[in-house]
Amino acid sequence: MSMNDPISDALTRIRNAQAARLDTVDVRLNKVINAILSILKAEGFISNVLPFKEGATQMAKVELKYANGKGVITGIERVSKPGLRIYRGIDNIKPTLNNLGISIVSTSKGIMTDKDARLENVGGEVICRVW
């Protein structure tokens, strides 16, 4: 089975596992997904990322985070899709939910949060929003 959008697949797996109150979830790993997971870990949305190999496929076990019995991630959505790419300039990158969430942006200086993109004064493709 070919996968057209591995980023959407990884985000959906995380969203569904959080809704089912699972402790961990396995996602396919590539450079972009690895960068997204690193940002989610640094921002405190997930506990840990443990890469492993399943045959020839790179995978990662994502440890989800809960606070007071509720998932730390209350919402996660893909913004830019393969059929409709969404690009924003530095002036159009707005805070997510009044800085209660983050947007993950792919810029010429790498994949970073919307806050970091504004500090670096670069725009780019808005990959997803997490709150």
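When a residue number appears, it is its place in the shown sequence, counting from 1. Note: hydrogens, waters and symmetry copies are ignored here, and every other heavy atom, side chains too, is used.
Salt-bridge annotation for Asp5 and Arg78: present, with a side-chain N of the basic residue lying under 4.0 Å from a carboxylate O of the acidic one.
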### Task
Could you check Ile73 against Arg15 for side chain to side chain contact (heavy atoms under 4.5 Å, CB included), going step by step and ending with a plain yes or no?
CA-CA 8 Å; Ile73 297 174; Arg15 181 186 319 109; over 6 Å; no
### Task
Dump the intermediate steps for side chain to side chain contact (heavy atoms under 4.5 Å, CB included) on Ile111 and Lys31, then the final yes or no.
CA-CA 10 Å; Ile111 296 175; Lys31 284 183 183 180; over 6 Å; no
### Query
Could you walk me through whether Val27 and Leu37 pass the side chain to side chain contact (heavy atoms under 4.5 Å, CB included) check?
CA-CA 10 Å; Val27 297; Leu37 293 176; 4.0 Å; yes
### Task
Please test Ile90 against Arg118 for side chain to side chain contact (heavy atoms under 4.5 Å, CB included), starting from the C-alpha separation and ending with a verdict.
CA-CA 6 Å; Ile90 185 63; Arg118 283 191 294 277; 3.9 Å; yes
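Criterion: ILVMFWY side-chain heavy atoms under 4.5 Å apart, direct or through other members. Under it, Leu40 and Val105 are not part of a common hydrophobic cluster. Under the 4.5 Å side-chain contact rule for hydrophobic residues, Ile39 and Val79 do not share a cluster. No continuous path of hydrophobic side-chain contacts links Val32 to Val126 [ILVMFWY only; heavy atoms under 4.5 Å]. Linking ILVMFWY residues whenever their side-chain heavy atoms come closer than 4.5 Å, directly or via other members, places Ile104 and Ile14 in the same cluster. The hydrophobic clustering, which links ILVMFWY residues whose side-chain heavy atoms are closer than 4.5 Å, places Val62 and Leu22 apart.
Remark: Ser8 OG to Glu77 CD distance equals 11.0 Å, nearest 0.5 Å. Atom-to-atom distance recorded for Leu64:CG and Asn48:CG is 11.0 Å, nearest 0.5 angstrom. Distance check: Ile46 CD1 to Ile36 CD1 gives 10.5 Å after rounding to the nearest 0.5 Å. To the nearest 0.5 Å, atom CG of residue Leu119 and atom CG of residue Asp114 are 10.0 Å apart. Separation of atoms CD1 (Ile102) and CE (Met112) is listed at 12.5 Å; rounding is to 0.5 Å.
Nearest heavy-atom pair, Ile127 versus Ser106, reported as atom, atom and distance to 0.1 Å: CD1-CB, 3.8 Å. Taking each heavy atom of Val49 and Ala60 in turn, the nearest pair found is CG1-CB, 3.9 Å. Considering every non-hydrogen atom in both Ser108 and Val122, the closest pair reads OG-CG1, 4.4 Å. Between Asp91 and Lys94, the closest heavy-atom pair is O-NZ, 3.1 Å.
Atom CG of Asn98 sits in a sparse spot, with 12 or fewer heavy atoms from other residues, nucleotides or ligands closer than 6.0 Å.
Annotation: side chain of Thr107 is not in contact with side chain of Glu120 (no heavy-atom distance under 4.5 Å). A 4.5 Å side-chain heavy-atom check between Ile33 and Pro6 finds at least one atom pair inside the cut-off. Using a 4.5 Å cut-off on side-chain heavy atoms (C-beta onward), Asn4 and Pro82 make no contact. Between Met59 and Leu29, every side-chain heavy-atom pair lies at or beyond the 4.5 Å cut-off. A heavy-atom distance below 4.5 Å is not found between the side chains of Arg28 and Gln58. Between Phe45 and Ile76 there is no side-chain heavy-atom pair separated by less than 4.5 Å.
At distances below 3.5 Å, not a single donor-acceptor pair connects side-chain atoms of Gln18 with backbone N or O atoms of Lys70. Judged by distance alone, the side chain of Arg129 and the main-chain N or O of Gly101 form no donor-acceptor pair under 3.5 Å.
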